[in-house]
A.B. asks: 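Have a look at this one.
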Amino acid sequence: MPNMSLTKNPMPSQDPVERASNFKEVALGYTKEMALDEAARCLNCKNHPCTQGCPVQISIPEFIKKVAEEDFEGAYEVISKDSSLPAVCGRVCPQENQCEKYCVRGIKGEPVGIGRLERFVADWHNEHAKEAPVKPASNGHKVAVIGSGPSGLTCAGDLAKKGYEVTVFEALHTAGGVLVYGIPEFRLPKSIVQKEVDGLKALGVKVETNTVIGKTVSVDELMSDEFGFEAVFIGSGAGLPSFMNIPGENLKGVYSANEFLTRINLMKAYREGADTPIKHSKAVAVVGGGNVAMDAARCAKRLGAEHVYIVYRRSEAELPARREEVEHAKEEGIEFKLLNNPVEILGGEDRFVNGIKCIRMELGEPDASGRRRPVEVPGSEFVLDVDCVIMAIGTSPNPLIKNTTEGLETNKKGCIVAEEATGKTSKDMVYAGGDAVTGAATVILAMGAGKTAAKAIDEALSK
Ligand code: FAD
Ligand code: SF4
Ligand code: SF4
């Protein structure tokens with residue numbers, strides 16, 4: 001008999017007041033009892049529309065049925081056929097716009113908590129699985145992967161399982177891409193990402209950190225006789241931050257969200273004696289309304305700021321961040337200054353930020369994106385007292401690889417042009433995927449692109 005409760009089992013989480021001053025994970029995960037109760041809400045629909053909503057088409061009712069039968073390892077096997085990072089996706093996938101959006105239980109009530117169940121299964125596996133991955137026999141082919149984010153890790157893992165000798169080249173000193181330098185510990189514990197990287201190493205994947213492709217060595221050199229890589233996958237992401245080009249952006253105390261988050265998440269700047277400094281501010285304005293803005297705001301709060309404002313030029317309905325993240329941010333005391341746009345960052349004689357001048361906005365006709373265009377309200381300027389400004393208005397791919405690779409085509413946004421079905425670029429035996437191709441997107445899409453390219457590389461090299 002299915003559980004006909006109209007609501008999902010709530011996710012146990014850390015108390016908002018307590019968590020606003022620590023970096024520990026906010027959502028604590030289902031207990032076994034909660035997972036069984038939630039799994040019983042699935043109707044095991046014959047045409048399972050939920051699967052269509054998952055970018056990698058996980059057999060959702062099949063894995064949930066295994067959960068209901070208490071066969072958690074069986075559930076993990078089902079998920080692993082299509083996803084290499086279930087513990088990550090179960091935490092950060094925008095499920096409400098993907099699998100759960102199509103769940104029939106959502107028509108009258110809340111959808112099945114598919115993401116929460118996926119996380120439960122992955123965590124259960126990580127806690128209980130005893131067998132370490134075994135390195136397969138080499139097939140003699142060498143492949144280079146540039147970037148160790150979800151696209152690169154997935155591509156490397158899929159190829160290594162088939163016996164390819166894979167080397168991942170990573171510019172930073174730690175592997176994981178945005179999963180380690182962008183998404184904060186309180187949403188995605190870094191031990192989970194490290195486990196994935198360790199798993200790849202056990203499969204024989206070499207990870208060369210502190211190696212900037214295009215500076216240390218070029219793509220063309222990797223493919224030369226000296227290095228001998230027969231194929232290259234570029235998963236270098238979209239890490240170049242955008243700014244608004246308003247006066248005052250070069251004042252002290254203005255950060256890009258990427259810099260701010262990297263200092264905190266990757267370099268642990270909040271700890272005593274960390275290698276990198278971070279400004280402990282009294283009042284912070286974060287400009288933007290996406291997941292990156294929410295992460296930066298919640299980090300600023302955890303560093304002790306009394307006021308943290310989200311300054312966003314549209315209204316609440318248009319906020320691009322996940323609903324859950326917006327709610328978490330509100331619970332932690334983040335103040336939303338919606339329908340406001342910065343026009344100038346103000347500084348004192350010492351060149352430190354001491355305010356941000358904003359103008360009020362109202363929504364006009366829909367623009368090309370289909371969202372209503374924000375229009376300035378004349379004469380409505382006001383100043384917010386802040387001593388730090390964080391710009392979280394988007395990123396694009398860094399042009400370094402494009403500028404140093406002969407014959408690699410990019411589009412006008414600087415994204416590498418690659419075939420969707422294979423990841424093939426304009427350059428022979430060079431493949432690409434993830435944010436480097438799509439521009440800033442999601443973990444699951446990057447992971448899916450890494451999978452697609454691994455399959456295409458295998459087909460090309462095993463001819
Ligand atoms: P990345 O994860 O960006 O990894 C690229 C890697 O390549 C990096 O490690 C980089 O250092 C390396 N690299 C770049 N250039 C070179 C070079 N020349 N040589 C060597 N290495 C290089 N998505 C979600 O689904 N849910 C979320 O909740 C979510 N939250 C986010 C929060 C933040 C703060 C950010 C920034 C992004 C978030 N995203 C989220 C988006 C998601 O993280 C990305 O879409 C995803 O990580 C892209 O994966 P990728 O493999 O293409 O690139
Ligand atoms: Fe849903 Fe993401 Fe899991 Fe797919 S990978 S089933 S979209 S949570
Ligand atoms: Fe289960 Fe919902 Fe998928 Fe139906 S649509 S199989 S109820 S998760």
Side-chain angles (χ1 to χ4, degrees), residues 2 39 41-51 53-58 60-65 79 82-83 85-86 88-95 97-106 111-119 146-155 168-172 174-184 187-188 208-209 211-217 219 234-239 257-258 261 265 290-296 321-322 325 392 395 397-398 400-401 404 433-450:
R41 292 186 67 229
C42 175
L43 303 177
N44 211 346
C45 312
K46 212 164 151 203
N47 57 353
H48 47 98
C50 48
T51 302
C54 169
V56 294
Q57 311 255 300
I58 289 175
I60 293 168
E62 201 188 333
F63 101 72
I64 297 183
K65 188 161 177 281
I79 299 173
D82 301 294
S83 169
L85 303 169
V88 175
C89 293
R91 285 172 165 81
V92 304
C93 240
Q95 295 109 9
N97 293 322
Q98 300 182 345
C99 52
E100 293 183 15
K101 184 174 173 188
Y102 297 90
C103 171
V104 295
R105 292 298 310 263
V112 175
I114 301 168
R116 293 174 184 180
L117 287 172
E118 186 172 323
R119 169 187 165 152
I146 304 173
S148 62
S151 66
L153 293 180
T154 304
C155 185
V168 176
F169 295 98
E170 168 54 53
L172 296 172
T174 306
V178 170
L179 306 181
V180 295
Y181 83 72
I183 304 180
R187 281 215 291 135
L188 178 63
E208 300 284 355
T209 50
T211 309
V212 182
I213 301 302
K215 281 242 188 275
T216 322
V217 57
V219 170
I234 306 174
S236 49
N258 264 18
L261 290 169
N265 298 320
N291 287 321
V292 181
M294 298 307 138
D295 284 344
R322 294 189 60 197
E325 300 312 326
T395 54
N398 188 308
L400 180 63
I401 291 180
T404 53
D435 285 6
V437 169
T438 55
T442 62
V443 171
I444 186 73
L445 286 171
M447 204 208 79

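The shown structure was predicted, so the numbers you read here are calculated from the model rather than taken from an experiment. Counting starts at 1 for both ligands and their atoms, in listed order.
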A.B. asks: Working to the nearest 0.5 Å, report the span between CG of L153 and CG of L179.
C.D. replies: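 Output value for this atom pair is 7.0 Å.
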A.B. asks: Could you find the nearest protein heavy atom to atom 7 (S) of ligand 3 and give me its residue, atom name and distance?
C.D. replies: L43 N, 3.3 Å
A.B. asks: Identify the closest protein heavy atom to atom 2 (O) of ligand 1: which residue and atom is it, and at what distance?
C.D. replies: V178 N, 3.0 Å
A.B. asks: Please report the closest heavy-atom contact between P61 and N44, naming both atoms and the distance.
C.D. replies: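 Closest pair (atom of P61, atom of N44, distance): CB-OD1, 3.3 Å.
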A.B. asks: What atoms of ligand 3 come within less than 4.0 Å of a heavy atom belonging to P61?
C.D. replies: 6 (S)
A.B. asks: Which of the numbered atoms in ligand 1 are below 4.0 angstrom from a heavy atom of I401?
C.D. replies: 18 (N)
A.B. asks: Is there a donor-acceptor contact under 3.5 Å from the side chain of R105 to the main chain of E100?
C.D. replies: no
A.B. asks: Using the rule given for side-chain contact (heavy atoms from CB on, under 4.5 Å), can you reason through C99 versus I60, listing the C-alpha separation, both sets of side-chain angles and the distance that settles it, and then say yes or no?
C.D. replies: CA-CA 9 Å; C99 52; I60 293 168; 3.6 Å; yes
A.B. asks: If you look at every heavy atom in S148 and G176, which pair is closest and at what distance?
C.D. replies: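 Looking at all heavy atoms of both residues, the closest pair is OG-N, 2.9 Å.
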A.B. asks: Which ligand 1 atoms does I213 reach within 4.0 Å, using its non-hydrogen atoms?
C.D. replies: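 Heavy-atom distances to I213 below 4.0 Å select 17 (C), 18 (N), 19 (N), 20 (C).
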A.B. asks: Just to be sure I read this right, does ligand 1 sit under 4.0 Å from the backbone of A441, its side chain, both, or neither, counting only heavy atoms?
C.D. replies: backbone
A.B. asks: Any idea which atoms of ligand 2 are less than 4.0 Å away from a heavy-atom of I60?
C.D. replies: 6 (S)
A.B. asks: When you measure from the side chain of T211 to the backbone of T209, do you find a donor-acceptor pair of N or O atoms at a distance under 3.5 Å?
C.D. replies: yes
A.B. asks: Distance to 0.1 Å, residue and atom name: give those for the protein heavy atom nearest to atom 53 (O) of ligand 1.
C.D. replies: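 Here the closest protein heavy atom is G237 CA, 3.4 Å.
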A.B. asks: I need the nearest protein heavy-atom contact for atom 15 (N) of ligand 1: residue, atom name and distance, please.
C.D. replies: S236 CB, 3.5 Å
A.B. asks: Among all protein non-hydrogen atoms, which one is nearest to atom 3 (Fe) of ligand 3, and what is the separation to 0.1 Å?
C.D. replies: C50 SG, 2.3 Å
A.B. asks: To check your reading of the model: name the closest protein heavy atom to atom 4 (O) of ligand 1, its residue, and the distance in Å.
C.D. replies: G149 CA, 3.4 Å
A.B. asks: May I ask you to identify, for D295, whether its side chain, its backbone, both or neither come under 4.0 Å of ligand 1 on a heavy-atom basis?
C.D. replies: side chain
A.B. asks: Which heavy atom in I114 sits nearest to a heavy atom in F63, and how many Å separate them?
C.D. replies: O-CZ, 3.9 Å
A.B. asks: What protein heavy atom sits nearest atom 7 (O) of ligand 1, and how far away is it?
C.D. replies: G147 CA, 3.2 Å
A.B. asks: Quick one, N258 and Y181 - any side-chain contact, counting heavy atoms below 4.5 Å?
C.D. replies: yes
A.B. asks: Which ligand 1 atoms are under 4.0 Å away from a heavy-atom of I183?
C.D. replies: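 Ligand 1 atoms under the 4.0 Å threshold to I183: 29 (C), 30 (N), 31 (C), 32 (C).
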A.B. asks: Considering heavy atoms of the protein only, find what lies nearest to atom 1 (Fe) of ligand 3 and give residue, atom and distance to 0.1 Å.
C.D. replies: C42 SG, 2.4 Å
A.B. asks: So C50 and V112, do their side chains get closer than 4.5 Å, heavy atoms only?
C.D. replies: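 No, side chains not in contact.
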A.B. asks: May I ask you to test the P150-L85 pair for a side-chain heavy-atom distance under 4.5 Å?
C.D. replies: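 In short, these two side chains touch, coming nearer than 4.5 Å.
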A.B. asks: Ignoring angles and geometry beyond distance, decide whether A171 reaches within less than 3.5 Å of ligand 1 through its nitrogen or oxygen atoms.
C.D. replies: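 The answer is yes, given that A171 and ligand 1 share an N or O pair closer than 3.5 Å.
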A.B. asks: Atom OG of S236 and atom CD of E170: how far apart are they, to the nearest 0.5 Å?
C.D. replies: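 One finds 10.0 Å between OG of S236 and CD of E170.
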A.B. asks: Testing the basics here: between I444 and P55, what is the closest heavy-atom pair and its distance to 0.1 Å?
C.D. replies: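 Scanning both residues completely, I find the closest heavy atoms to be CG2-CG, 3.8 Å.
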A.B. asks: Could you tell me the residue and atom name of the protein heavy atom closest to atom 9 (O) of ligand 1, and the distance to it rounded to 0.1 Å?
C.D. replies: E170 OE1, 2.6 Å
A.B. asks: Nearest 0.5 angstrom please: I234 CD1 to S151 OG, how far?
C.D. replies: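 Taking CD1 in I234 and OG in S151, the distance rounds to 10.5 Å.
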A.B. asks: What residue and atom, counting heavy atoms only, is the protein's closest point to atom 4 (Fe) of ligand 3, and at what distance?
C.D. replies: C45 SG, 2.2 Å
A.B. asks: Under the 3.5 angstrom rule, does the side chain of E325 hit a backbone N or O of D295 as a donor-acceptor pair?
C.D. replies: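 It does not hold such a pair.
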A.B. asks: Counting no waters, what protein N/O/S atoms lie under 2.8 Å from atom 2 (Fe) of ligand 2?
C.D. replies: C93 SG
A.B. asks: For G176, is at least one N or O under 3.5 Å away from an N or O on ligand 1?
C.D. replies: no
A.B. asks: Indicate yes or no for a side-chain donor-acceptor contact from S83 to the backbone of I79 under 3.5 Å, with no hydrogens or angles considered.
C.D. replies: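 A pair under 3.5 Å: no.
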A.B. asks: Report yes or no: does G235 have a heavy atom closer than 4.0 Å to ligand 1?
C.D. replies: yes
A.B. asks: Below 4.0 Å from any atom of ligand 1, is there a heavy atom belonging to A440?
C.D. replies: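 For ligand 1, residue contact (heavy atoms, under 4.0 Å) with A440 is absent.
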A.B. asks: Does R187 approach ligand 1 within less than 4.0 angstrom via side chain, backbone, both or neither, non-hydrogen atoms only?
C.D. replies: side chain
A.B. asks: Do the side chains of Q95 and E118 get nearer than 4.5 Å, heavy atoms only?
C.D. replies: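 E118 does not reach Q95 side chain to side chain.
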A.B. asks: With a cut-off of 4.0 Å, which atoms of ligand 1 are near a heavy atom of F169?
C.D. replies: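 By the 4.0 Å cutoff, the relevant atoms are 20 (C), 21 (N).
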A.B. asks: With heavy atoms only and a cut-off of under 4.0 Å, state how L261 meets ligand 1: side chain, backbone, both or neither.
C.D. replies: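 Under 4.0 Å from ligand 1, L261 contributes side-chain atoms alone.
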A.B. asks: Looking at N291 and R322, would you say the former's side chain and the latter's main chain have a donor-acceptor pair under 3.5 Å?
C.D. replies: yes
A.B. asks: Look only at interatomic distance and state if G434 has a nitrogen or oxygen under 3.5 Å from any nitrogen or oxygen of ligand 1.
C.D. replies: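 Min N/O separation from ligand 1 is not below 3.5 Å for G434.
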A.B. asks: Using side-chain heavy atoms (C-beta onward) and a distance below 4.5 Å, is T216 in contact with E208?
C.D. replies: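 Sidechains of E208 and T216: no contact.
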A.B. asks: Can you tell me which residue and heavy atom of the protein come closest to atom 44 (C) of ligand 1, and the distance to 0.1 Å?
C.D. replies: D435 OD2, 3.2 Å
A.B. asks: What atoms of ligand 1 come closer than 4.0 angstrom to any heavy atom of L172?
C.D. replies: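 Under 4.0 Å from L172, ligand 1 has these atoms: 11 (O).
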A.B. asks: In ligand 1, which numbered atoms sit nearer than 4.0 Å to a non-hydrogen atom of T211?
C.D. replies: 19 (N), 20 (C)
A.B. asks: Tell me: protein heavy atom nearest atom 2 (Fe) of ligand 3, and distance?
C.D. replies: C103 SG, 2.4 Å
A.B. asks: Are N265 and V180 close enough that some pair of their side-chain heavy atoms sits under 4.5 Å apart?
C.D. replies: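 A side-chain contact is absent here, since even the closest heavy-atom pair is not under 4.5 Å.
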A.B. asks: For atom 33 (C) of ligand 1, which candidate among I444, I234, V292 provides the closest heavy atom?
C.D. replies: V292
A.B. asks: Is there a side-chain contact between V219 and T404 (heavy atoms, below 4.5 Å)?
C.D. replies: no
A.B. asks: So, for T154 and M447, which heavy atoms are closest and what is the spacing to 0.1 Å?
C.D. replies: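 Shortest heavy-atom separation between T154 and M447 comes out as OG1-CG, 2.9 Å.
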A.B. asks: Show me which atoms of ligand 1 lie under 4.0 Å from any heavy atom of V92.
C.D. replies: 24 (C), 25 (O), 26 (N), 27 (C), 28 (O)
A.B. asks: Using a strict cut-off of 4.0 Å, indicate which atoms of ligand 1 neighbour a heavy atom of V212.
C.D. replies: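 Counting atoms of ligand 1 from 1, those under 4.0 Å from V212 are 18 (N), 19 (N).
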A.B. asks: Return a yes/no value for S151: is any of its N or O atoms, backbone included, closer than 3.5 angstrom to an N or O of ligand 1?
C.D. replies: yes
A.B. asks: Contact between C89 and V443 at the side-chain level, heavy atoms closer than 4.5 Å - yes or no?
C.D. replies: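 Counting from C-beta outward, C89 and V443 do come under 4.5 Å.
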A.B. asks: So which protein heavy atom does atom 25 (O) of ligand 1 come closest to, and at what separation?
C.D. replies: V443 N, 3.0 Å
A.B. asks: Give the atom numbers and elements of ligand 3 that come within less than 4.0 Å of a heavy atom of V104.
C.D. replies: 2 (Fe), 4 (Fe), 5 (S), 7 (S)
A.B. asks: Quick check for you: to the nearest 0.5 Å, what is the distance between L117 atom CG and I64 atom CD1?
C.D. replies: 5.5 Å
